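Here the structure comes first, spelled out in structure tokens, and everything after it is commentary.
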Amino acid sequence: MNQQTLPTVRPAFIVIGAVKAATTWIQKQLQGHPAIFLPDVEPHYFSSEYERGPAYYDGLFRPAQPGAILGEKSADYLAHPFAAARIAQTYPDIKLLVQFRNPVDRAYSDYKMLYRRGTIRGAPEKFLTTPDCEQPRFLRDGLYAEHLARWFDLFPRENILPFLYDDVRDRPEETFRKVCQHIGVEPRATVIATRRENDSSERFLPLPVRKVLSPLKSAVAPLRSQRWFQATRGMMARQIAYPPLSPALRTHLEQFYQDDLAKLETMLGWDLSHWRKPPVKRATA
């Protein structure tokens, strides 16, 4: 890519992943900051949408106010084989944010997302036993050390802020302060109260209805806050019954990620031993 084909927009930071690690939460917090602009959509420009060219990327930032600090979130960048090199070529000094989640939980959450979309059908064993399946991303995207090594090879380590899904869940205010400090903005006094973004326990419309309404998604968006719309949706929506992740499959996945997790601990100087323990069931009211 020569200089004439580079995007003209100059984002200050990019949230690069991982998929299903609460990246939508940090996007919402940053969008709520008065000094920052992020597109609502994930551009995926440096991954799957690269052939659309720089005009596509520039256009996503057109609504930003003059002087706004620009950023974007595309959670697939972390694991994409070419995203790190493309970003380094275009923005060698950019600040990067990367979130990690227990890779077993991340894989199952990714499976559930495509299951509720109707993209896949079948038990988790069909997709989470080996990456040699129709959805290799379920397992491969959780090989964090393998993917992070590409970014460490191309960017100064001080430009990359890693943090955990656990941090977002347990220490949201502290985590957001660190994010703001990393990208060079004053943190807000409080974190915006939001529901869990992309929560798989949410109630959804039946799949056939979602498919029919999909082309109308943007047109319907302004109606979502209307009471009649919420009431109508509430009458039809149901919580999805996902095929469970069996203890045997969880153990298999823990073994699959064992070596990569050890490498990640060495790379970051972290202790992630709590990821090797069975998840604690939280009491519900």
Side-chain angles (χ1 to χ4, degrees), residues 1-19 21-78 80 82-99 151 154-156 158-161 163 168 172-173 175-195 197-198 217-225:
M1 183 167 61
N2 59 44
Q3 189 65 32
Q4 284 69 40
T5 61
L6 291 174
T8 60
V9 69
R10 302 297 300 178
F13 65 91
I14 299 177
V15 180
I16 62 173
V19 172
T23 58
T24 301
W25 181 88
I26 201 65
Q27 177 189 21
K28 296 294 186 184
Q29 305 309 315
L30 290 166
Q31 286 179 319
H33 195 294
I36 296 174
F37 174 84
L38 284 82
D40 288 332
V41 299
E42 293 196 27
H44 301 297
Y45 174 64
F46 295 101
S47 53
S48 59
E49 303 298 326
Y50 197 61
E51 297 305 317
R52 297 181 69 169
Y56 157 74
Y57 195 60
D58 287 339
L60 296 173
F61 295 88
R62 200 164 290 130
Q65 295 296 316
I69 296 170
L70 306 181
E72 66 124 315
K73 187 267 284 191
S74 295
D76 65 331
Y77 286 167
L78 173 64
H80 193 276
F82 306 125
R86 289 168 175 171
I87 293 173
Q89 183 182 17
T90 311
Y91 307 122
D93 299 319
I94 199 165
K95 296 295 180 69
L96 302 169
L97 305 167
V98 57
Q99 300 171 228
W151 298 85
L154 294 168
F155 294 91
E158 61 268 23
N159 281 29
I160 303 175
L161 176 67
F163 56 100
V168 169
E173 292 85 3
T175 301
F176 188 59
R177 281 197 301 271
K178 289 180 179 178
V179 167
C180 289
Q181 290 166 2
H182 181 66
I183 64 180
V185 298
E186 287 293 323
R188 290 191 320 272
T190 57
V191 168
I192 299 171
T194 60
R195 64 176 176 82
E197 302 295 337
N198 299 326
K217 188 174 182 180
S218 58
V220 171
L223 304 176
R224 291 182 180 276
S225 60

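Please read these numbers as outputs of a predicted model, since none were measured by experiment.
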Checklist line | CA sep, side-chain torsions, deciding dist, call: V41, L60, side-chain contact (heavy atoms from CB on, under 4.5 Å) | finding: CA-CA 8 Å; V41 299; L60 296 173; 3.9 Å; yes
Notebook entry, point to check: Is the number of heavy atoms from other residues, nucleotides or ligands under 6.0 Å of E158 CD greater than 12?
Noted result: yes
Notebook entry, point to check: What pairs meet the salt bridge (charged side-chain N to carboxylate O under 4.0 Å, His left out) rule with one or both residues in residues 30-46, with sequence neighbours excluded?
Noted result: E42-K73
Note to self: As an exercise, state the distance from CD1 of I183 to CD1 of I36, rounded to the nearest 0.5 Å.
What the structure shows: 4.0 Å
Checklist line | side-chain contact (heavy atoms from CB on, under 4.5 Å) evaluation trace for V15 with Q99 | finding: CA-CA 8 Å; V15 180; Q99 300 171 228; 4.1 Å; yes
Margin query: Can you give me the closest heavy-atom contact between L78 and W151, atom names plus distance?
Written below: O-NE1, 3.2 Å
Notebook entry, point to check: To the nearest 0.5 Å, how far apart are CG in L161 and SG in C180?
Noted result: 10.5 Å
Next item on the list: Measure the spacing between CD of Q89 and CZ of F82 and express it to the nearest 0.5 Å.
Entry: 13.0 Å
Item checked: Inter- and intrachain pairs under salt bridge (charged side-chain N to carboxylate O under 4.0 Å, His left out), touching residues 50-71, at least two apart -> E49-R52
Item checked: With sequence neighbours excluded, residues passing side chain to side chain donor-acceptor pair (under 3.5 Å) with H44 -> D76
Margin query: Please report the interatomic distance OG1(T175) to CD1(I26), rounded to the nearest 0.5 Å.
Written below: 7.5 Å
Next item on the list: I would like to know whether V179 and F163 meet side-chain contact (heavy atoms from CB on, under 4.5 Å); could you show each step before the answer?
Entry: CA-CA 9 Å; V179 167; F163 56 100; 3.9 Å; yes
Item checked: Minimum-distance pair of heavy atoms, taken over all atoms of A12 and I94 -> O-CG1, 3.5 Å
Notebook entry, point to check: What's the shortest heavy-atom distance between T90 and P7, and which atoms?
Noted result: CG2-CD, 3.7 Å
Notebook entry, point to check: How far apart are the closest heavy atoms of A84 and F155, and which atoms are they?
Noted result: O-CE1, 3.7 Å
Item checked: Heavy-atom pair of closest approach, residues A64 and L70 -> CB-CD2, 3.6 Å
Check: For the atom pair CD1 (I69) and NE2 (H33), what is the distance rounded to the nearest 0.5 Å?
Finding: 7.0 Å
Check: Between Y57 and E72, does a side-chain hydrogen bond (donor to acceptor under 3.5 Å, both in side chains) hold up when you go through it step by step?
Finding: CA-CA 10 Å; Y57 195 60; E72 66 124 315; 2.8 Å; yes
Check: Relative to each other, are the rings of Y50 and Y45 parallel, tilted or perpendicular (30° and 60° limits)?
Finding: tilted
Next item on the list: Considering non-hydrogen atoms only, spot the tightest contact between G71 and P11 and give its length.
Entry: CA-CB, 4.2 Å
Item checked: Check: S74 main-chain N/O paired with Q27 side-chain donor or acceptor under 3.5 Å -> no
Checklist line | side-chain contact (heavy atoms from CB on, under 4.5 Å) evaluation trace for F176 with L30 | finding: CA-CA 9 Å; F176 188 59; L30 290 166; 3.8 Å; yes
Notebook entry, point to check: Taking atom OH of Y56 as the centre, does the number of heavy atoms from other residues, nucleotides or ligands within less than 6.0 Å exceed 12?
Noted result: yes
Notebook entry, point to check: Is a donor on one side and an acceptor on the other found under 3.5 Å between the side chain of H182 and the backbone of N159?
Noted result: yes
Next item on the list: Please examine the side chains of R10 and Y91, heavy atoms only from C-beta on, and report whether any two atoms are closer than 4.5 Å.
Entry: yes
